[in-house]
2 protein chains.
Amino acid sequence: MLTVSELSKAAQATPDAVRHYVRIGLLTPSRNPDNGYKLFSDNDIKKMKFICRAKGLGFTLSDIQIIFDHSSRGQSPCPLVRDIIQQRINENRDRLAKLNQLQQRMDEALEKWKLMPDGEPDGDAICYLIESIN
Amino acid sequence: MLTVSELSKAAQATPDAVRHYVRIGLLTPSRNPDNGYKLFSDNDIKKMKFICRAKGLGFTLSDIQIIFDHSSRGQSPCPLVRDIIQQRINENRDRLAKLNQLQQRMDEALEKWKLMPDGEPDGDAICYLIESIN
DNA sequence: TAGACCCTAGGTGCAGCGCACAGGTCAATG
DNA sequence: CATTGACCTGTGCGCTGCACCTAGGGTCTA
């Protein structure tokens, strides 16, 4: 049986992350009756490593919760997993597109501003650099 | 003088966004003594439009707060603005890189899983699709 | 005995709103 | 004139995934 920090090291995470997962119910440790410390089993190590891997593939913590639920009810989570990752891929594509557009707008602004002097407050504009865009 | 929804329309934002900006102190409307409603001035329209433009350039709301502060103290925010956008550009580059890597990992996983059948729970793996990665 | 380190619970902060809830306002209708 | 319904308002909580902090308590070593 492991403590919080031991589990965190075993899965290369932080103790805060482990506590967070306990708080939201992803992990349900037993307790050391002597001192109230959380006690994790070997199965929790497996779950913790699973969480890290799934997060690295873009699954959210609540996705992972759902996967655990299915799995603990004896159902195969695989069809679900395929659906979810497809969703996450789509979402990520959208986010990437938006961030790329943002990056372009920022680059353009910076480039344009290189040719413009700083403005002094004139009681009219707040910042004429920014207000010159669009 | 405008109400929340009137201001939101004038700046093409949602009423909730306007309320949010009031809550965090970006806008400081007066109040209608009759009903307690927020009342916005023409200057608030200018600020609201400024907020939208700045957000579109990647400035955070607290960046914008700082810009307002400088400007209201009669200082030119322009040098600051140049610094901030450079920071945001760098941050965004990092985020893009991470999301691109994520996208690649997701795509690879999906591709690999196409050749794998769904697994049935065997009391050992949680989801062997996910556990097959890395 | 002091310092260093582990643990607990709980709260706050981040970004930018969206949404829920309870209630007010206003024009149109019966 | 009263009521209905649409739309407005205010406030407060929730989301994501932790990191950090407080305030307390225990353990272990030098």
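Each chain gets a letter, A, B and so on, in the order the sequences are listed, and its residues count up from 1. Quick note: numbers below take in every heavy atom, side chains included, and nothing from hydrogens, waters or symmetry partners. Every value quoted in this text rests on a predicted model; they were computed, and no experiment measured them.
- Between B:W113 and B:I130, the closest side-chain pair of non-hydrogen atoms falls below 4.5 Å.
- Under 4.0 angstrom from either OP1 or OP2 of C:dC6 there lies no side-chain N or O belonging to A:S5.
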Donor-acceptor pairs under 3.5 Å, side chain of residues 98-110 of chain A to any protein atom, not counting sequence neighbours: which ones?
unit_1: A:N100; atom_1: ND2; unit_2: A:L96; atom_2: O; d: 3.2
unit_1: A:Q103; atom_1: OE1; unit_2: B:N92; atom_2: ND2; d: 2.6
unit_1: A:R105; atom_1: NE; unit_2: B:G56; atom_2: O; d: 2.8
unit_1: A:R105; atom_1: NH2; unit_2: B:G56; atom_2: O; d: 3.1

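- Residues that satisfy the ring-ring contact (aromatic ring centres under 6.0 Å, His included) test with B:Y37, not counting sequence neighbours, are absent from this structure.
- Residue A:G25 comes nearest to A:T28 through the heavy atom pair O-CG2, 4.3 Å, listed as atom of the first residue, atom of the second, then distance.
- Residue B:N90 places its CG atom among more than 12 non-hydrogen atoms of other residues, nucleotides or ligands, all under 6.0 Å distant.
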request  = Step by step, work out the side chain to side chain contact (heavy atoms under 4.5 Å, CB included) result for A:C127 and B:C78.
outcome  = CA-CA 6 Å; A:C127 169; B:C78 295; 4.0 Å; yes
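- Judged by distance alone, the side chain of B:R31 and the main-chain N or O of B:G36 form a donor-acceptor pair under 3.5 Å.
- Residue A:H70 comes nearest to A:P77 through the heavy atom pair CB-CB, 4.3 Å, listed as atom of the first residue, atom of the second, then distance.
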Enumerate, atom names and distances included, each donor-acceptor pair closer than 3.5 Å involving a side-chain atom of residues 4-24 of chain B, sequence neighbours excluded.
unit_1: B:E6; atom_1: OE1; unit_2: B:T3; atom_2: N; d: 2.9
unit_1: B:S8; atom_1: OG; unit_2: B:S5; atom_2: O; d: 2.7
unit_1: B:T14; atom_1: OG1; unit_2: B:A17; atom_2: N; d: 3.0

query = So A:I64 and A:L61, side chain to side chain contact (heavy atoms under 4.5 Å, CB included) or not? Walk me through it.
reply = CA-CA 5 Å; A:I64 297 169; A:L61 296 182; 4.2 Å; yes
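- Atom CZ in A:R19 sits roughly 9 Å away from atom P in C:dA9 (whole-Å rounding).
- Atoms CD1 (B:I24) and P (C:dG13) sit 14 Å apart, rounded to a whole Å.
- Side-chain contact check for B:L2 versus B:K38: every heavy-atom pair is 4.5 Å or farther apart.
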inquiry  = I'd like to know whether A:I51 forms a side chain to side chain contact (heavy atoms under 4.5 Å, CB included) with A:F68, so could you lay out the CA-CA distance, the side-chain angles of the two residues, the decisive distance to 0.1 Å, and finally the verdict.
reply    = CA-CA 10 Å; A:I51 293 170; A:F68 281 173; 4.0 Å; yes
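- Of the residues in residues 10-18 of chain A, those placing a heavy atom less than 4.0 Å from an atom of DNA chain D are A:T14, A:D16, A:A17, in numerical order.
- In this structure, CE of A:M1 is placed 15 Å from P of C:dC7, rounded to the nearest angstrom.
- When the shell of 6.0 Å around NZ of A:K46 is examined, it contains more than 12 heavy atoms from other residues, nucleotides or ligands.
- Of the residues in residues 27-40 of chain B, B:N35, B:Y37 come within less than 4.0 Å of DNA chain C through at least one heavy atom, sorted by number.
- Rounded to 10°, the angle separating the first-five-pair axis and the last-five-pair axis of the helix from C:dT1-D:dA30 to C:dG30-D:dC1 equals 30°.
- By the salt bridge (charged side-chain N to carboxylate O under 4.0 Å, His left out) test, A:R82 is found to be paired with B:D118, residues two or more places apart in sequence or in another chain being considered.
- B:Y128 pairs by the ring-ring contact (aromatic ring centres under 6.0 Å, His included) definition with nothing, not counting sequence neighbours.
- Atom CG of B:D94 sits in a crowded spot, with more than 12 heavy atoms from other residues, nucleotides or ligands closer than 6.0 Å.
- Under the side chain to side chain contact (heavy atoms under 4.5 Å, CB included) criterion, B:M1 pairs with B:S30, B:L39, B:S41, not counting sequence neighbours.
- Scanning residues 47-71 of chain A for heavy-atom distances under 4.0 Å to DNA chain D yields A:K55, A:T60, A:L61.
- Within a heavy-atom distance below 4.0 Å of DNA chain C, no residue of residues 84-101 of chain B is found.
- Distance, A:E6 CD to C:dC6 C1': 10 Å, rounded to whole Å.
- If you walk DNA chain D from 5' to 3' and mark each nucleotide with an atom closer than 4.0 Å to a heavy atom of chain B, the marks span D:dC8 to D:dC13.
- The closest side-chain heavy-atom distance from A:I133 to A:K112 is below 4.5 Å.
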